Each structure stands twice: as structure tokens, then as C-alpha cells.
*Asks:* 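Before anything else, here's the structure in question.
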Amino acid sequence: MALKAYDLTGRTAFVTGAASGIGRASAVLLAEAGATVHCADLDEKGLHDTRTLITDAGGSAYTHTLDVSDRAQLASAIDHTASTGRLDILAAIAGIMHSSPVLETRDEDLDRVLAVNFKGILYACQESARAMIAAGTRGSLITMASGAVDAANAGLLCYSVAKAAVVQLTKTLATELGPHSIRVNAVAPGWIRTPMTERHDAALQHQAEAAMVRMSPLRRVGEPEDIAHTVLHLASDASSFTTGQILRPNGGVAMPW
Ligand code: NAP
């Protein structure tokens, strides 16, 4: 009976960043919980592999190859998803990492990170919320922030600013969409071992992950599945009284009030 709240049978989810890392693990887990999952990403081959993981396990998945920073592409994919049934869940996970000291940060770096990591989430939330309101769906929007919002990180200005904007977007939207029974929450993961962090760690000569392990009371970094379980919680009825919150699966690295 307790697990019934996590059952997503009959629901439809749209997941961005679904070709890799946290997005893939989330798409797979939402499908395992019974949702039909629409997987969106730039990476067509990765999307294909995610869909295969889902369908081989008996789930239902569709793919949309798109750039989340292009509103028209996202709007078309979300419209299509909503028109094939009902859109219940958005997990806006796609993102990129950029590292440069503030004094060396170029306009084009800032513009690109904001376009993908902030506007990509804004557009996905706007288009999904419009579809949910039109259909009268009690939906759940899940945004991807980062533990970067809880600390000052040298070299991560663009990334941290974009993620801080996601936090404000999440709280503002939760306030505006609550009367429509649409919940909006953010996930702010700590260090999770994915292709993104593997590239970043290699650039820092394998020091970043080791530092995170030392900082965590659990003495480990996270795996994509750790975050997928938080996404499932926020997608499901188990979190039906939770909105405007920032959930922090971070191994205890940061413990804000
Ligand atoms: P990942 O393995 O690199 O996955 C990100 C996916 O997003 C990739 O498939 C990537 O495609 C796709 N993507 C990038 N730009 C896109 C765009 N413009 N349109 C559509 N898809 C795009 O990274 P991850 O670690 O799972 O990160 C997922 C999210 O979690 C990001 O928002 C990240 O900021 C956040 N996060 C991660 C960590 C961590 O420690 N890993 C911690 C906190 C927050 P390409 O590979 O083709 O670029």
C-alpha cells in the first residue's frame, strides 16, 4: 500500500538530458515505476540506448532529438507528447558544465551556459505547464539545480549563476502554479559520477572527486541512480504536499537550513 504512491502507471513523463547520466537513470526509473517516458536530448545515439534500456525492461519510451535551448524545438516535442495522451511529469535535467575563472569568462561562455542550463529549463517548464493547465492535469515539474548553489566554487561562475537562477525559477513557478495543483521542485545534487563529472575531474587531474569524497560524511560520491530516486519521489504522489522545495541528495556535503 505504501508503495502505491510511487506507482506511475498511466502517467506520461518528459525527460530532458535523457541520453546520459542523471537524465538516463531518471528516465529508466520513471519507466520502471510505470510511466510512459518521452526522452529528449541532443545525443541521438544515447537516446536510442536509453529507449532500448527501457523497452528491454518492458517499459514504454519515445525519443526526441532536440536542443533544449531552442524554444521552438522543445515546444514542438512537448506539444506532441501532450497530444498523444496527457503530460503529467517534466524532469528538466539536460545541462552542461563550463569552467573558467571570472576574469577569463567570455560573453559567449556565459550566454551558452545560461541558454542551456537556465533557459532550457525555463522553456521546458513553460511549455509543460501550459499543456498541464490546458488539460487540467495535477502535474509535477522537476528542475535540475546543483550543489553549486550552496557554495562558492572557483571557476564555476557561469554554471553556478545558471543553477541559482533555476532555484529562483522553481520557487517562483511553485507560487504561480500551485493554484493549478501543479507542483514545482528542484533537485540540487552533490557530486555524481557521470560523463559530465568524469570530464571535469579529468581536467582537474582527478582531484575534484577525491575532495568531494573527503567532504561527504558518507565518504562517497553519488551515482546517477541516487538522483533518479529523488526525481521519482518528486514525480510521484509520495510528494503530493511538496512544492517550491530544493531537495539535496548530496551525501551531506552541504547542510543548509
Ligand atoms: P551528462 O551525463 O553530461 O548528461 C547531460 C545530457 O544533457 C547529455 O546527454 C547532453 O548531451 C545533454 N545536453 C547537453 N546540452 C543539451 C542541449 N542543449 N539540449 C539537449 N540536451 C543537451 O551530465 P549529468 O551529470 O547527468 O548532468 C545532468 C544534469 O544534472 C545537469 O543539469 C547537471 O548540471 C546536473 N548536475 C549534475 C551533477 C553531477 O555531479 N553530475 C551535480 C549537480 C547537478 P551531450 O552529451 O551531447 O552534450
Side-chain angles (χ1 to χ4, degrees), residues 14-29 38-51 63-78 90-99 111-125 142-151 153 156 158-167 169-170 186-204 208-209 211-213 215-216 220-228 230-231 246-251 253-254:
F14 190 91
V15 180
T16 75
S20 178
I22 294 169
R24 168 176 288 168
S26 300
V28 167
L29 191 64
H38 287 252
C39 302
D41 203 289
L42 274 178
D43 174 2
E44 191 166 6
K45 159 85 171 61
L47 278 179
H48 172 81
D49 292 347
T50 302
R51 184 178 57 192
T63 61
H64 305 267
T65 306
L66 53 76
D67 182 340
V68 295
S69 68
D70 183 324
R71 182 195 284 279
Q73 288 183 24
L74 255 184
S76 159
I78 289 172
L90 167 72
I93 296 174
I96 54 174
M97 167 79 85
H98 171 79
S99 178
D111 290 348
R112 185 63 193 151
V113 176
L114 286 174
V116 177
N117 290 9
F118 175 61
K119 286 188 180 174
I121 290 181
L122 170 68
Y123 298 157
C125 287
I142 301 154
T143 64
M144 193 50 59
S146 163
V149 302
D150 292 321
N153 297 287
L156 284 190
C158 300
Y159 185 81
S160 305
V161 163
K163 294 300 187 182
V166 168
V167 166
L169 167 68
T170 302
V187 184
W191 184 279
I192 311 301
R193 200 173 282 147
T194 68
M196 175 188 282
T197 44
E198 278 162 14
R199 285 192 297 271
H200 187 61
D201 198 34
L204 297 175
E209 183 175 308
M212 289 298 167
V213 170
M215 285 166 67
S216 166
R220 72 171 179 93
V221 294
E223 300 295 335
E225 291 70 23
D226 290 315
I227 308 311
T230 304
V231 170
I246 316 302
L247 266 60
R248 291 177 163 86
N250 62 15
V253 166

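What you see is a predicted model; the values in this text were computed from it and never measured. Each ligand, and each atom within it, is numbered from 1 in the order the structure gives. For reference, positions follow the sequence shown, starting with 1.
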*Asks:* Just so I know, are the side chains of Ile93 and Ser26 near enough to count as touching, which here means a heavy-atom distance under 4.5 Å?
*Replies:*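 Contact flag for Ile93/Ser26 side chains = yes.
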*Asks:* Distance only, no hydrogens: is a donor on one side chain within 3.5 Å (strictly under) of an acceptor on the other, for Ser69 and Arg112?
*Replies:*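 Judged by distance alone, the side chains do pair up.
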*Asks:* Listing by chain and number, which residues have a heavy atom under 4.0 Å from ligand 1?
*Replies:*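 Gly17, Ala19, Ser20, Gly21, Ile22, Asp41, Leu42, Asp43, Leu66, Asp67, Val68, Ile93, Ala94, Gly95, Ile96, Arg112, Val116, Met144, Ala145, Ser146, Tyr159, Lys163, Pro189, Gly190, Trp191, Ile192, Thr194, Pro195, Met196, Thr197, Arg199.
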*Asks:* Could you tell me if the side chain of Thr65 sits less than 4.5 Å from the side chain of Leu42, heavy atoms only?
*Replies:*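 Counting from C-beta outward, Leu42 and Thr65 never come under 4.5 Å.
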*Asks:* May I ask you to check whether over 12 heavy atoms, not counting those of Glu198, lie within 6.0 Å of atom CD?
*Replies:*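 Check passes, neighbour count above 12.
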*Asks:* Between Glu209 and Arg193, is any pair of side-chain heavy atoms under 4.5 Å apart?
*Replies:*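 When only atoms from C-beta onward are counted, Arg193 and Glu209 do touch, with a gap below 4.5 Å.
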*Asks:* Report yes if some heavy atom in the side chain of Met144 is under 4.5 Å from a heavy atom in the side chain of Pro189; otherwise report no.
*Replies:*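 The answer is yes; the side chains approach within 4.5 Å.
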